[in-house]
Amino acid sequence: MKKQPFISVNANIHFLYMTKQEEQSPVYQEYRKKWYQNPETFTAGSFPLHLDIESTSLCNLNCPFCSFKSVHRGWKRGNMEWNLYKKIIDEGKEHRLYSIKLSLRGEPLLHPEIFKMIEYARKSGVIDIYFNTNAVLLDEQKADAIINSQVNRISISFEGYEKNLYEKNRIGARFEDVVKNIETLVNKRNRKNTKYPRIRIQTVLIPEMENILEQYKNFWMEKGVDEIAYLDLEKEPENNEDLSYPWVCPQLWQRMTIWYDGTLLPCVHDTYGIMRIGNVSEINIADAWHSTVENGYRLIHQSGYGETLYSCRICPLRAGQVRRIKKEICHDTSTINR
């Protein structure tokens, strides 16, 4: 008998610390309600709630655990052109796009027009604008630009709280310089008495981090950041690993991904681009969101057969979630047997 399809939203991120947020607008509350409700009720709505827009695929580091490192070696890289970005945001404005994230495979602070991109999205009515950064380029000038742009939040990727562990995993970065950059951003924001950006420090849960999370939390709390979190280490299924389980991907009812060259994908984890739907320079996002292809992906997942799609079967997010589910089932069974 096939198991009931299982869906869980934001299950791959875990918060160690979070300051209290100011009360959000009714529109923002509506957005966050839909973020959880749409996947749970299999409701697509008229347009994606959120777009992952890859401002650039260029990166200034060479992190060993990066899920894109081996996949995209040798692939063409570059920055998103302004006219392409403007087309995306203009369509989003027509359909009341709530949220964008301006990072994926690359470091957004490498894009020469990143702050222009933030400003245009904000003036177009996008209410939640954010990006991930390694903060290597976050000097005083860029700290001022980030604050002045009123970007809602940023996530800074940082493994650990001491030099050796950090520099081992963030190859090309210097521990002291990046810590100073983060402190500068926090202090400048606080002096200006503004709530933007909300600053999150997050790590991938590599094995060396598993037993030092409390120390990690304490180190960054003292620096005055707003949130401290860790992400599950994303690994594709290993040979002969049984990860058969009807896990349903929530992203199919929340978001779409656009690479710097306009390639449109149903999720952020299709690292090989196998499930690409087209290019936004040639098609509308709204049409793609309700296309036969996208609806087909939804139906397959909703029916509990997501693993029959190759990209989903090897998806590191799915693999991590199924490992967790099976571990919990095994633990519950062992408890009952006692």
Side-chain angles (χ1 to χ4, degrees), residues 1-13 38-39 42 44 48 50-54 57 63-77 101 103-106 204 231-280 282-283 285 287-327 329:
M1 182 177 177
K2 191 168 180 65
K3 300 180 183 69
Q4 183 71 19
F6 175 83
I7 191 165
S8 181
V9 180
N10 288 5
N12 64 322
I13 183 167
N38 285 12
F42 303 123
H50 167 88
L51 292 176
D52 291 279
I53 303 172
E54 184 180 65
S57 62
C63 306
F65 52 80
C66 178
S67 60
F68 297 110
K69 180 182 175 183
S70 59
V71 175
H72 296 286
R73 184 179 287 122
W75 283 30
K76 185 179 178 182
R77 294 173 179 256
K101 184 179 181 182
S103 56
L104 184 60
R105 296 175 293 184
V204 174
L231 300 170
D232 295 333
L233 178 61
E234 295 180 349
K235 298 185 297 182
E236 291 185 2
E238 299 175 358
N239 291 335
N240 301 319
E241 184 178 14
D242 180 16
L243 291 178
S244 57
Y245 200 91
W247 181 76
V248 182
C249 181
Q251 295 191 28
L252 293 168
W253 290 271
Q254 297 169 321
R255 65 209 289 180
M256 298 190 90
T257 296
I258 305 169
W259 284 352
Y260 83 95
D261 62 359
T263 299
L264 183 62
L265 301 165
C267 74
V268 297
H269 293 282
D270 182 18
T271 55
Y272 298 90
I274 295 170
M275 299 172 73
R276 67 183 69 192
I277 298 174
N279 193 291
V280 293
E282 301 169 346
I283 61 175
I285 298 167
D287 292 340
W289 184 241
H290 290 287
S291 65
T292 301
V293 174
E294 182 79 354
N295 284 331
Y297 293 151
R298 292 189 185 109
L299 181 59
I300 290 170
H301 270 261
Q302 188 175 341
S303 302
Y305 293 97
E307 65 196 68
T308 63
L309 297 167
Y310 176 74
S311 288
C312 299
R313 186 163 66 251
I314 67 170
C315 172
L317 175 63
R318 179 184 176 278
Q321 292 305 297
V322 173
R323 290 186 189 109
R324 179 179 61 82
I325 294 166
K326 290 199 167 188
K327 184 177 180 180
I329 291 173

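Keep in mind that this is a model prediction, so the values were computed, not measured.
Looking at Ile300 and Leu309, their side chains come closer than 4.5 Å, going by heavy atoms from C-beta outward. Met256 is not listed as a side-chain neighbour of His50, based on a closest heavy-atom distance of 4.5 Å or more. Considering only heavy atoms from C-beta on, Ile7 stays 4.5 Å or farther from Trp247 through its side chain. Counting heavy atoms from C-beta on, the side chains of Cys312 and Met275 come closer than 4.5 Å. Two residues are said to be in side-chain contact when any heavy atoms from C-beta on lie closer than 4.5 Å; Leu265 and Tyr272 fail this criterion. The closest side-chain heavy-atom distance from Leu317 to Gln251 is below 4.5 Å. Side-chain atoms of Ile285 and Pro48, non-hydrogen and from C-beta on, do get closer than 4.5 Å to each other.
Smallest separation of non-hydrogen atoms from Cys249 and His301: N-ND1, 3.2 Å. Between Ser311 and Asp270 the shortest heavy-atom distance is OG-OD1, 3.0 Å. Minimum heavy-atom separation, Glu307 to Tyr245: OE1-N, 3.0 Å. Across all their heavy atoms, Pro250 and Ser8 have their closest contact at CG-O, 3.7 Å.
A distance of 9.5 Å separates SG of Cys267 from OH of Tyr297, quoted to the nearest 0.5 Å. Glu294 CD to Leu299 CG: the interatomic distance, rounded to the nearest 0.5 Å, is 12.0 Å. With rounding to the nearest 0.5 Å, the separation of CD1 in Ile277 from OG1 in Thr292 is 10.5 Å. Note: Arg105 CZ to Ser57 OG = 5.0 Å, rounded to the nearest 0.5 Å. Here the straight-line distance linking atom CG of Asp232 with atom CD of Gln321 works out to 6.0 Å at 0.5 Å rounding. Residue Trp289 holds its CH2 atom at 4.5 Å from CZ of Arg298, rounded to the nearest 0.5 Å.
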Practice item. Might you work through the side chain to side chain contact (heavy atoms under 4.5 Å, CB included) test for Val248 and Tyr305, ending with a clear yes or no? Key: CA-CA 8 Å; Val248 182; Tyr305 293 97; over 6 Å; no

Check your understanding: For Leu104 and Val268, what are the C-alpha separation, side-chain angles and deciding distance, and is it a side chain to side chain contact (heavy atoms under 4.5 Å, CB included)?
Key -> CA-CA 8 Å; Leu104 184 60; Val268 297; 4.0 Å; yes

Practice item. Could you go through the side chain to side chain contact (heavy atoms under 4.5 Å, CB included) check for Leu264 and Asn279 one step at a time? Key: CA-CA 5 Å; Leu264 183 62; Asn279 193 291; over 6 Å; no

Exercise for review: Start with the C-alpha distance between Val9 and Gln254, add both sets of side-chain angles, then the distance that settles side chain to side chain contact (heavy atoms under 4.5 Å, CB included), and finish with yes or no.
Suggested key: CA-CA 10 Å; Val9 180; Gln254 297 169 321; 3.4 Å; yes

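Geometrically, Arg77 does not engage Trp259 in a cation-pi contact, judged by NZ or CZ lying under 6.0 Å from the ring centre and within 45° of the ring axis.
For Asp261, the side chain to side chain donor-acceptor pair (under 3.5 Å) partners at least two apart in sequence or on another chain are Thr263.
Arg318 places a side-chain N or O within donor-acceptor distance of the main-chain N or O of Leu243, the cut-off being under 3.5 Å. Between the Asn295 side chain and the His290 main chain, a donor and an acceptor come within less than 3.5 Å of each other.
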